[in-house]
Amino acid sequence: MEKETLRSKLISIRDKTPAFVWESKAIADNLTQNYSFSKDLIIAGYWPIKNEASPLNLLSVLYDSGHTICLPEVISYSKILNFRRWCPYHPLQPGKFGTSQPWLDQPSLKPDVILTPLVGFDSKGTRLGYGGGYYDHTISNLKEKNGGSVIVVGVGREIQRVHAVPNTSNDQKLDFILTEENFERVT
């Protein structure tokens, strides 16, 4: 199945399936009970849109345990996301594509861990996004600057898991997959 066809199918399924309140807590529990990030790592999350799996509970838990949290900022002239510091429950401003992002007075940060939203994914760590290439370009750029040390965690719901996602050489692989039901390291 081609990417566009698969993307449309998965978005339709996701949009027809209600996001349950318990999912955000289950996502947080699945990570915190199975993995621990060093406190000195900067963790980038995202503000969920379009019925995406919510990492907000997880971001609050990570923040409360001493991690520095940031959210992406879309810069119109670049396919590379900028990340700004964010504290849970601090107000956000509207961003491009219906996103919410920290205010410009917050410092830019370079994340060590990226929690990335998913349209679809497979067990091999292939991620399907919205097709704009923002996360792929950003992850590639950070890996070049960090010597490959950026940890990428795909956050989704099990209904978004497919047998295989078509990929190209530009697609960046996930290191971990985190859903309301599972936490798994991609091998």
Student: Have T116 and R127 got a donor and an acceptor in their side chains that come within less than 3.5 Å?
Tutor: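 Short answer, yes.
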
Student: Under 4.5 Å between any side-chain heavy atoms of E180 and W22, yes or no?
Tutor: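 A side-chain contact under 4.5 Å exists here.
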
Student: Which value, rounded to the nearest 0.5 Å, describes the distance between S140 atom OG and L142 atom CG?
Tutor: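 Rounded to the nearest 0.5 Å, the OG-CG separation comes out at 9.0 Å.
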
Student: Would you say E52's side chain and I49's backbone share a donor-acceptor pair under 3.5 angstrom?
Tutor: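 Yes, because the side chain of E52 sits within donor-acceptor range (under 3.5 Å) of the backbone of I49.
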
Student: Scan T99, L59, L56 and name whichever one has a side-chain contact (heavy atoms from CB on, under 4.5 Å) with W47.
Tutor: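 One option only clears the test, and that one is L56.
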
Student: Using a 3.5 Å distance criterion without hydrogens, assess whether the side chain of Q160 forms a donor-acceptor pair with backbone atoms of L118.
Tutor: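 Checking the backbone N and O of L118 against the side chain of Q160, a donor-acceptor pair under 3.5 Å is found.
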
Student: Okay, side chain of H137, backbone of G133: is any donor-acceptor separation there less than 3.5 Å?
Tutor: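 Side chain of H137 to backbone of G133: a pair is present.
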
Student: Going by side chain to side chain donor-acceptor pair (under 3.5 Å), name the residues that satisfy it together with S36, two or more places apart in sequence or in a different chain.
Tutor: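 Side chain to side chain donor-acceptor pair (under 3.5 Å) check on S36 returns nothing, list empty.
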
Student: With side-chain contact (heavy atoms from CB on, under 4.5 Å) as the criterion, how do Y130 and I11 come out once you've worked through the C-alpha distance, each side chain's angles and the decisive distance to 0.1 Å?
Tutor: CA-CA 9 Å; Y130 290 106; I11 288 173; 4.1 Å; yes

Student: What are the two closest heavy atoms between I114 and I139, and how far apart are they?
Tutor: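 Closest pair (atom of I114, atom of I139, distance): CD1-CG1, 4.0 Å.
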
Student: If every non-hydrogen atom of Y63 is compared with every non-hydrogen atom of C87, which pair is closest and at what distance?
Tutor: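 Looking at all heavy atoms of both residues, the closest pair is OH-SG, 3.5 Å.
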
Student: Rounded to the nearest 0.5 Å, how far apart are CG of L128 and NZ of K9?
Tutor: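 Answer for the CG-NZ pair, L128 versus K9, is 12.0 Å.
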
Student: Output the distance between atom OG1 (T17) and atom CD (E23), rounded to the nearest 0.5 Å.
Tutor: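 Here the rounded value is 9.0 Å.
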
Student: Checking one residue: W103. Which other hydrophobic residues are in its cluster under the side-chain 4.5 Å linking rule?
Tutor: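 Cluster partners of W103: none, it stands alone.
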
Student: Taking D136 for its side chain and Q172 for its backbone only, find out whether a donor-acceptor pair lies under 3.5 Å.
Tutor: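 Present.
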
Student: Please check this pair: side chain of D15 against backbone of N51, looking for a donor-acceptor N/O pair closer than 3.5 Å.
Tutor: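 Flag not set: sc D15 to bb N51 has no pair under 3.5 Å.
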
Student: Going by heavy atoms in the side chains, are I27 and N57 under 4.5 Å from each other?
Tutor: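 In short, these two side chains do not touch, never coming nearer than 4.5 Å.
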
Student: Are S108 and R84 side-chain neighbours, meaning at least one heavy-atom pair lies under 4.5 Å?
Tutor: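 In contact.
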
Student: Would you say the side chain of K173 lies within less than 4.5 Å of the side chain of N167, judging by non-hydrogen atoms?
Tutor: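 Result yes, sub-4.5 Å side-chain heavy-atom pair found.
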
Student: Are the side chain of S54 and the backbone N or O of P48 linked by a donor-acceptor pair below 3.5 Å?
Tutor: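 No; judged by distance alone, with no hydrogens or angles, the pair does not exist.
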
Student: If we only count heavy atoms from C-beta on, is the I177 to N182 side-chain gap below 4.5 Å?
Tutor: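 SC-SC contact between I177 and N182 ruled out.
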
Student: Kindly work out whether a path of hydrophobic side-chain contacts (I/L/V/M/F/W/Y, heavy atoms less than 4.5 Å apart) joins I80 to V152.
Tutor: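 I80 and V152: separate clusters.
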
Student: Stepwise, does the side-chain contact (heavy atoms from CB on, under 4.5 Å) test hold for I75 with L81?
Tutor: CA-CA 7 Å; I75 300 172; L81 299 169; over 6 Å; no

Student: Looking at R157, is its backbone amide N or carbonyl O close enough to the side chain of R14 to form a donor-acceptor pair, meaning the two atoms are under 3.5 Å apart?
Tutor: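 Not at all, since once roles are kept as given, no pair shorter than 3.5 Å links the two residues.
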
Student: In terms of hydrophobic clusters joined by side-chain contacts under 4.5 Å, are L10 and I159 together?
Tutor: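 In one cluster with L10: I159, no.
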
Student: Is there a donor-acceptor pair under 3.5 Å between the side chain of S8 and the backbone N or O of E4?
Tutor: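 Side chain of S8 to backbone of E4: a pair is present.
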
Student: Do P102 and F83 have side-chain heavy atoms sitting under 4.5 Å apart?
Tutor: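 They are not in contact (no side-chain heavy atoms under 4.5 Å apart), so the answer is no.
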
Student: Quick one: do L6 and I13 end up in the same hydrophobic cluster if we chain Ile, Leu, Val, Met, Phe, Trp and Tyr together by side-chain heavy atoms under 4.5 Å apart?
Tutor: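 The answer is no; the residues belong to distinct hydrophobic clusters.
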
Student: Nearest 0.5 Å please: distance from the CG atom of L115 over to the CG atom of L174.
Tutor: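 Output value for this atom pair is 11.0 Å.
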
Student: Assess whether atom NZ of K25 is packed by more than 12 heavy atoms of other residues, nucleotides or ligands within 6.0 Å.
Tutor: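 Counting neighbours around NZ of K25, 12 or fewer heavy atoms of other residues, nucleotides or ligands fall under 6.0 Å, so no.
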
Student: Can you find a heavy atom in the side chain of E73 that is under 4.5 Å from one in the side chain of L104?
Tutor: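 E73 reaches L104 side chain to side chain.
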
Student: Kindly say whether the aromatic ring centers of F97 and Y134 come within a distance under 6.0 Å.
Tutor: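 Ring centroids of F97 and Y134 are less than 6.0 Å from each other.
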
Student: If you round to the nearest 0.5 Å, how far is OG1 of T138 from NZ of K143?
Tutor: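 Separation between the atoms: 12.0 Å.
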
Student: Do side-chain atoms of D122 reach the backbone of V162 as a donor and acceptor pair under 3.5 angstrom?
Tutor: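 Here the side-chain-to-backbone pair does not exist.
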
Student: State plainly whether the residues R161 and E184 are in salt-bridge range, i.e. N to O under 4.0 Å.
Tutor: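 Yes, this pair counts.
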
Student: Ignoring hydrogens and geometry, is there a side-chain-to-backbone donor-acceptor pair from D29 to T32 under 3.5 Å?
Tutor: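 Answer holds: no.
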
Student: Just do the side chain to side chain donor-acceptor pair (under 3.5 Å) check on N170 and T168 with the steps written out, would you?
Tutor: CA-CA 5 Å; N170 293 330; T168 67; 4.6 Å; no

Student: Nearest heavy-atom pair of A53 and Y46: which atoms, and what distance?
Tutor: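 Smallest interatomic distance, heavy atoms only, reads O-OH, 2.6 Å.
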
Student: Quick one: are V61 and L31 in side-chain contact, heavy atoms under 4.5 Å?
Tutor: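 Sidechains of L31 and V61: no contact.
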
Student: Identify the residue among F121, F37, Y35 that makes a ring-ring contact (aromatic ring centres under 6.0 Å, His included) with F176.
Tutor: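 Checked F121, F37, Y35 against F176; only one passes ring-ring contact (aromatic ring centres under 6.0 Å, His included): Y35.
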
Student: Rest of the hydrophobic cluster containing L109 (Ile/Leu/Val/Met/Phe/Trp/Tyr, side-chain heavy atoms under 4.5 Å)?
Tutor: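 Members besides L109, by chain and number: I42.
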
Student: Heavy atoms only: give me the nearest K124-V186 pair and the separation to one decimal.
Tutor: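 Shortest heavy-atom separation between K124 and V186 comes out as O-CG1, 3.1 Å.
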
